[in-house]
Every structure is written in C-alpha cells, then in structure tokens.
Amino acid sequence: MVYLTRSSISLEALLAEVSSPECGGTCVFLGTVRNGPEEKDVTAIEYSAYQEMVEGELGRIVAEAAARWPGGRLALRHRLGVIPAGEASIAIVAAAPHRAQAFEACRYAIEEIKRRVPVWKKELRSDGSEVWVDPSGRPTSKPAHV
Amino acid sequence: MVYLTRSSISLEALLAEVSSPECGGTCVFLGTVRNGPEEKDVTAIEYSAYQEMVEGELGRIVAEAAARWPGGRLALRHRLGVIPAGEASIAIVAAAPHRAQAFEACRYAIEEIKRRVPVWKKELRSDGSEVWVDPSGRPTSKPAHV
Amino acid sequence: MPLQPAGTIRVRFFARYAELVGRAEAAVAVPLPATVGDVVRSVREQLPGAGDIPERPLAAVNLRHARLDASVQDGDEVALLPPIAGG
Amino acid sequence: MPLQPAGTIRVRFFARYAELVGRAEAAVAVPLPATVGDVVRSVREQLPGAGDIPERPLAAVNLRHARLDASVQDGDEVALLPPIAGG
C-alpha cells in the first residue's frame with residue numbers, strides 16, 4: 001500500500017515528502033470525519049475500498065498533477081477502516097514554486113479523488129445504526145442492516 | 001501579538017484552533033522561504049513589519065472571511081525576523097463544513113495578505129549581500145548596503 | 001453450427017453491492033464477444049440478491065473505469081462500484 | 001491675515017524607506033488642511049535622504065491604508081510603506 005493506510009495520517013511526514021527549496025508555496029487539504037448538523041450523531045465512518053484500483057487511480061492522479069504543474073510536488077494518503085469523528089480520512093499536500101500552482105494542484109487532486117477513486121463510507125451512528133453515504137455527501141440509502 | 005510571532009509556526013496548534021466537528025474540510029497554506037532557481041543562494045529572509053497595522057489588517061481579513069464563509073473557521077500566523085530557507089513565514093488554516101469553502105477562504109486570506117498587509121522582506125544571501133524583495137516576488141531594488 | 005466461445009469473468013462487489021449479494025466476488029460465464037453490460041445482466045439474473053444492483057452501475061475492468069459498452073475478454077476482472085464516496 | 005493653522009504629523013518609515021532616511025519616524029509640521037500627499041511632499045523636501053522615496057508611495061493613516069488625497073489631522077500617524085512583500 002503506497003497511498004492507503006489503516007493508521008492515523010501523519011501530515012508532518014507528507015509535508016516532509018514534498019518539501020523542497022524550490023517550492024515556496026504549499027497547499028494542504030485535510031478531509032475529516034464530520035459530525036455536524038447535516039449528520040445524525042456520527043461517531044465514526046468506516047471507509048472501505050477497491051484497494052488495487054485505488055492505488056492505480058491515485059498514482060494516475062499524482063502523475064497527471066506532475067504533468068500539469070511541472071516543478072510541483074504532490075503527496076497524499078487515504079485512510080481506510082473505522083475513522084472516529086474529527087480524524088482525517090485524507091490528506092493531500094501540494095508544494096510548488098508559487099502559490100497559485102500549489103492551490104490548483106491540491107484542488108485538482110481532491111476533486112479527481114472524489115470523482116474517480118473507488119472508496120466508500122458507512123456512517124456509524126451513536127444509536128448503533130449504520131448507513132452508507134451517497135456521493136452527494138449525505139446518507140440516503142436504506143440503513144444497511146434493516 | 002496575536003497574528004505575529006518571532007518563533008517557528010506550529011501548524012498543529014493552528015489546526016487545533018479551527019478544528020470542529022461541523023467542519024469536514026480543511027485547507028492549509030504554508031509560505032516557506034524559497035531558495036530556488038529564481039533566487040541567488042538565499043540562506044534566509046529577514047521579515048519586518050509595521051506591526052500595529054499588520055495586526056489590524058489581519059484581524060480585518062479574518063473577520064471578512066468569517067462574514068463571507070459563515071460556518072468556516074480561519075486561523076493564521078505570520079512570522080517575523082530572520083527565517084532560514086525552507087522554514088515557514090506564514091501559515092493559514094481554513095476549516096469549513098465543505099471543501100470548496102475551505103479552499104476559497106484560505107485562498108482569499110493569502111491573496112489579501114499579499115495585497116494589504118505591510119510586511120517586507122530582505123533576502124540574506126550566502127555571499128553576505130542583502131536585497132529587498134519587491135512585490136512581484138523578485139529582488140529588483142538595489143542591494144541595500146551598496 | 002460452431003460452438004459459441006464463452007469467457008469466464010471474475011466479478012467483484014464492493015460496499016453496498018457486496019452486502020446485497022452477500023459476497024465479495026463471483027466467477028461469471030458469458031458468451032463472447034461480451035460487454036461490461038452483458039456481465040452486469042448475467043450477474044443480476046444469476047446471483048441471488050444481485051437484482052437490487054442497478055441496471056447501469058459504475059464499473060471497472062482490470063482496475064480501470066469502464067463504460068458499459070466496453071468489451072470484456074476471458075479472464076478479465078469486472079468490478080461493480082456503488083456511487084463513489086471517498087476522500 | 002489670520003495665521004494658518006498647522007498640524008504635527010507623526011511620520012513612520014519602514015524597510016527600505018527607513019534605510020533611506022536613516023530613521024524609523026519623524027514629526028513633520030504641515031499647514032492645515034492637508035492631505036497625505038502634502039505630508040509626503042514635506043517629508044521629501046525636509047528630511048535628508050527622503051528624496052529617494054517615490055513621489056507617490058503607498059501610505060497609511062492611523063494604521064489603515066489611505067490614498068494620497070486623504071486628509072490628515074493634527075496628531076495623525078502617517079506611514080510610508082515600500083511595496084508590500086509579505087506572506
């Protein structure tokens with residue numbers, strides 16, 4: 001596993017991966033498990049994936065970003081398994097000579113990941129129910145075990 | 001000093017400031033002292049500021065972002081003094097319920113900072129020369145001590 | 001009449017689809033030539049529980065996204081992907 | 001003829017401008033009413049080294065960015081700001 005992990009994501013390690021004297025701007029995106037007003041007492045989300053394909057797609061996204069923003073550097077990690085609310089499920093770090101490139105590369109990576117990378121999430125709620133999350137970000141499918 | 005510091009910036013502390021269960025997306029911008037092909041052996045940059053005004057402008061930028069992206073949270077630190085190449089001079093952390101808001105708020109903050117916040121930098125080069133940096137990001141003014 | 005050649009496709013299920021069919025994968029025989037759509041039809045007809053998988057699901061062939069009209073060969077791996085929700 | 005009132009402006013210099021004038025601040029007397037532009041002119045005429053400050057520098061009055069035609073009052077703090085290069 002290159003891009004996938006089942007442990008906490010170390011932002012520091014990712015920053016070290018891209019750090020370079022030529023890069024003056026670094027943009028980071030962190031996606032964290034949310035339990036806000038749109039959710040219903042989410043205690044954690046269980047992330048599952050088509051792992052072999054995820055590794056392939058993420059590698060392609062990194063290569064695309066490298067081609068599109070030459071001189072930039074991109075590192076990322078997606079966490080799988082049960083992730084408690086508040087912890088990061090994904091971290092993307094894009095460093096570039098100038099800030100516009102860093103922002104653009106980072107945004108590109110997360111948008112492509114949301115669109116292409118086969119990962120699924122199931123909300124685990126405090127009442128014990130489990131609900132698959134649909135791509136709009138809201139759970140709409142029937143509870144899985146009813 | 002609220003937004004200014006003369007020590008290393010702790011990204012972890014800034015992330016903790018904005019972290020919230022309602023915010024699922026966090027965008028970070030780090031500006032680091034560069035020594036790339038556009039520079040000439042820059043060992044460090046000395047940052048100076050009109051400190052009272054910097055604090056006021058940064059406070060207004062944070063307030064503007066709060067008004068523009070309600071539900072979002074912004075934290076930032078600008079470092080002053082001599083900063084060695086590779087270390088961060090600025091860190092901005094924007095958390096929001098959804099990622100688009102986090103990216104936009106973070107980008108807004110850095111663009112406004114570059115435009116409005118009275119901070120200056122002087123490149124310290126390995127040959128002992130010192131050069132004020134102009135806003136385009138390149139040193140063009142005459143060396144200061146010649 | 002010559003015998004029509006058949007291919008064996010390894011079909012993989014994930015997330016909610018895996019729950020619907022109660023398994024993570026199946027070997028499905030299809031007459032060749034065949035498309036991803038043909039594999040989906042076979043799966044939905046043959047596997048208990050698979051009728052609740054949409055007629056036109058997101059799919060991948062050999063670890064790459066593929067349209068339903070893409071062709072499949074003997075030995076290919078076809079994955080049926082619920083709506084992606086990563087990141 | 002009545003005496004024209006005068007104001008005392010605290011002028012602050014930063015970065016390269018502070019190096020040019022060899023000081024961080026000065027008290028400058030200007031006849032009132034006056035604008036930021038009037039203060040800049042007085043500074044450039046009166047202070048040794050200040051002639052190298054541009055005629056139309058970036059400026060602030062009382063910690064806020066101000067145009068050169070903004071008016072100043074007795075006791076105001078006017079800052080002359082080299083091109084901003086922060087972040």
Side-chain angles (χ1 to χ4, degrees), chain B residues 3-4 29-34 45-61 76-80 83 88-92 106-107 109-123 130-146, chain D residues 8-28 35-37 39-40 42-44 47-87:
Chain B
Y3 299 110
L4 289 169
F29 177 75
L30 289 175
T32 48
V33 172
R34 195 175 55 206
I45 289 183
E46 183 176 355
Y47 283 78
S48 59
Y50 184 8
Q51 295 194 28
E52 310 93 297
M53 183 171 166
V54 168
E55 294 285 358
E57 283 293 333
L58 290 175
R60 285 187 282 277
I61 290 168
L76 58 85
R77 241 19 130 257
H78 199 309
R79 182 173 167 189
L80 298 181
I83 308 181
S89 54
I90 191 163
I92 302 167
C106 190
R107 187 78 194 262
I110 184 61
E111 297 303 329
E112 291 301 300
I113 287 168
K114 293 275 182 185
R115 206 171 65 78
R116 291 159 53 179
V117 175
V119 172
W120 299 279
K121 46 193 186 188
K122 190 195 259 179
E123 288 185 356
E130 304 182 346
V131 181
W132 289 105
V133 177
D134 100 339
S136 77
R138 286 212 183 74
T140 54
S141 59
K142 283 168 284 177
H145 297 304
V146 174
Chain D
T8 301
I9 306 297
R10 182 187 184 202
V11 181
R12 297 186 64 179
F13 305 98
F14 293 93
R16 198 170 73 86
Y17 297 172
E19 287 184 353
L20 288 173
V21 298
R23 56 206 288 183
E25 60 176 278
V28 172
T35 64
V36 175
V39 174
V40 172
S42 295
V43 164
R44 295 180 78 250
L47 286 186
D52 286 342
I53 293 176
E55 284 177 42
R56 303 185 56 79
L58 199 59
V61 176
N62 300 334
L63 309 182
R64 308 285 295 244
H65 286 288
R67 294 158 46 109
L68 295 180
D69 58 8
S71 67
V72 294
Q73 313 299 329
D74 182 48
D76 277 355
E77 174 170 308
V78 170
L80 304 189
L81 312 174
I84 283 176

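Within every chain, numbering begins at 1; the chains are lettered A, B, ... in the order of the sequence lines, protein sequences first and strands thereafter.
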Segment of B/Ala49 engaging chain D (4.5 angstrom heavy-atom cut-off): backbone
Flag, side chain of B/Trp120 to backbone of D/Pro82, donor-acceptor distance under 3.5 Å: yes
Counterpart residues, side-chain hydrogen bond (donor to acceptor under 3.5 Å, both in side chains), relative to D/Arg67 (two or more places apart): D/Asp69
Contact list for residues 75-87 of chain D, test salt bridge (Lys or Arg N to Asp or Glu O under 4.0 Å), sequence neighbours left out: D/Arg10-D/Glu77, D/Arg12-D/Glu77
Gap between atom CE of B/Met53 and atom CZ of D/Arg64 - 0.5 Å precision: 8.5 Å
Over all atoms of both residues, closest heavy-atom pair of D/Ala79 and B/Tyr50: CB-CE2, 3.2 Å
From CA spacing to verdict: side chain to side chain contact (heavy atoms under 4.5 Å, CB included), D/Arg16, B/Lys122: CA-CA 9 Å; D/Arg16 198 170 73 86; B/Lys122 190 195 259 179; over 6 Å; no
Contact origin within B/Tyr47 toward chain D - heavy atom pairs under 4.5 Å: side chain
Under 4.5 Å from any heavy atom of chain D - which part of B/Glu57: side chain
Nearest heavy-atom neighbours spanning D/Ala15 and B/Ser48: CB-OG, 4.4 Å
CD1 on D/Ile84 to CZ on B/Arg115, rounded to 0.5 Å: 9.0 Å
Heavy-atom closest contact (D/Ala85 atom, B/Val133 atom, distance): CB-O, 3.6 Å
